[in-house]
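Remarks on the structure that follows.
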Amino acid sequence: MGAYRNPFPTVDIIIETAGGIVLIERKNSPHGWAIPGGFQDWGESVETCARREAQEETGLTVTLRELFYVYSHPDRDPRHHTVTTVFIASADGSPIAADDAAAAGVFTAGALPSPLAFDHAQILDDYFRYRD
C-alpha cells in the first residue's frame with residue numbers, strides 16, 4: 001500500500017475593478033499570467049486565504065462577493081494536484097505587483113494577456129460567460 005496523499009487546497013480570486021479584472025504575471029514557474037491566488041495555510045479559512053493572497057499579490061483589499069466555482073482536475077497545476085476555490089471579489093484602486101507577482105494589470109475579456117497559467121483560461125472563460 002502506497003503513501004496516503006491529498007490534493008493541496010488553493011484559492012483564486014477574480015478581482016473586479018473599474019475597467020476589468022486583475023491578473024498577475026507570475027515570477028516563478030509555471031510562468032504566465034494568472035488570477036491572483038495561492039495555497040491555503042494551516043488553520044486558515046478559504047475566505048481568509050483569498051483576502052490574504054489578494055493583498056499579498058496585488059496590494060488590494062478585496063471584498064468577497066460570491067463563491068464562483070471549485071476546480072479540481074488533477075492536471076490543473078503541473079507541479080501537483082491542487083483543488084482551488086474560486087471567489088469573485090471587488091476592490092477599489094490599482095493593483096501593484098508584490099510577493100510572487102512580477103507584474104499586475106487590469107484586463108477585459110477581449111484583451112487578456114498571454115500565456116495564461118494553470119487552467120486559468122478555462123476559469124476566465126467560465127467567468128466571462130457567467131457575467132454575460
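These numbers come from the heavy atoms of this one structure, side chains and all, not from hydrogens, waters or symmetry mates. Because the structure is predicted, anything quoted here is derived from the model rather than measured.
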Cluster overlap W33 with F128, hydrophobic side-chain contacts below 4.5 Å: yes

In one Ile/Leu/Val/Met/Phe/Trp/Tyr side-chain cluster, 4.5 Å: L116, Y69: yes

Cluster overlap V11 with V86, hydrophobic side-chain contacts below 4.5 Å: no

Parallel, tilted or perpendicular, as decided by the 30° and 60° cut-offs, for the rings of H80 and F8: tilted

CG-OG1 distance between D75 and T82, expressed to the nearest 0.5 angstrom: 10.0 Å

Side-chain heavy atoms of P78 within contact of F118, under 4.5 Å: yes

Test item: I15 and P36 side chains (from C-beta on) under 4.5 Å apart, heavy atoms: yes

I96 and T58: CA distance, side-chain angles, deciding distance, side chain to side chain contact (heavy atoms under 4.5 Å, CB included) verdict: CA-CA 5 Å; I96 298 169; T58 70; over 6 Å; no

CG (N28) with more than 12 external heavy atoms under 6.0 Å: yes

Side chain to side chain contact (heavy atoms under 4.5 Å, CB included) evaluation trace for V70 with V83: CA-CA 7 Å; V70 174; V83 175; 3.7 Å; yes

Side-chain heavy-atom pair R131, E16 within 4.5 angstrom cut-off: yes

Euclidean distance, L124 CG relative to L112 CG, rounded to 0.5 Å: 6.0 Å

I13 to A89 - nearest heavy-atom pair and separation: CG2-CB, 3.6 Å

Short side-chain to backbone donor-acceptor contact, K27 and D99, under 3.5 Å: yes

For G19 against T108, the heavy-atom pair lying closest together: O-CG2, 3.3 Å

ILVMFWY cluster, V22 and V62 together (side-chain gap under 4.5 Å): yes

CD1-CG distance between I88 and D12, expressed to the nearest 0.5 angstrom: 12.0 Å

Whether H31 side chain and P115 backbone form a donor-acceptor pair below 3.5 Å: no

Expected output: side-chain R52 to main-chain E56 donor-acceptor under 3.5 Å: no

Sub-6.0 Å ring centroid separation between F68 and Y130: yes

Heavy-atom side-chain contact between F87 and V46 under 4.5 Å: yes

Rounded distance (nearest 0.5 Å) linking atom CG of D132 with atom CZ of R129: 9.5 Å

Spacing of CD belonging to E66 relative to CD1 belonging to I14, to within rounding of 0.5 Å: 9.0 Å

Flag side-chain contact, heavy atom, 4.5 Å: L23 against P113: yes

Separation between OG1 of T84 and CD1 of I35, rounded to the nearest 0.5 Å: 8.0 Å

Heavy-atom check, side chain of L60 versus side chain of P95, under 4.5 Å: yes

Salt-bridge criterion met for R51 and E47 (N-O under 4.0 Å): no

Test item: T48 side-chain N/O and E44 main-chain N/O as donor-acceptor pair under 3.5 Å: no

Identified side chain to side chain contact (heavy atoms under 4.5 Å, CB included) counterpart of T10 within the set E53, Q40, R76: R76

Any Y71 side-chain heavy atom under 4.5 Å of D126 side chain: yes

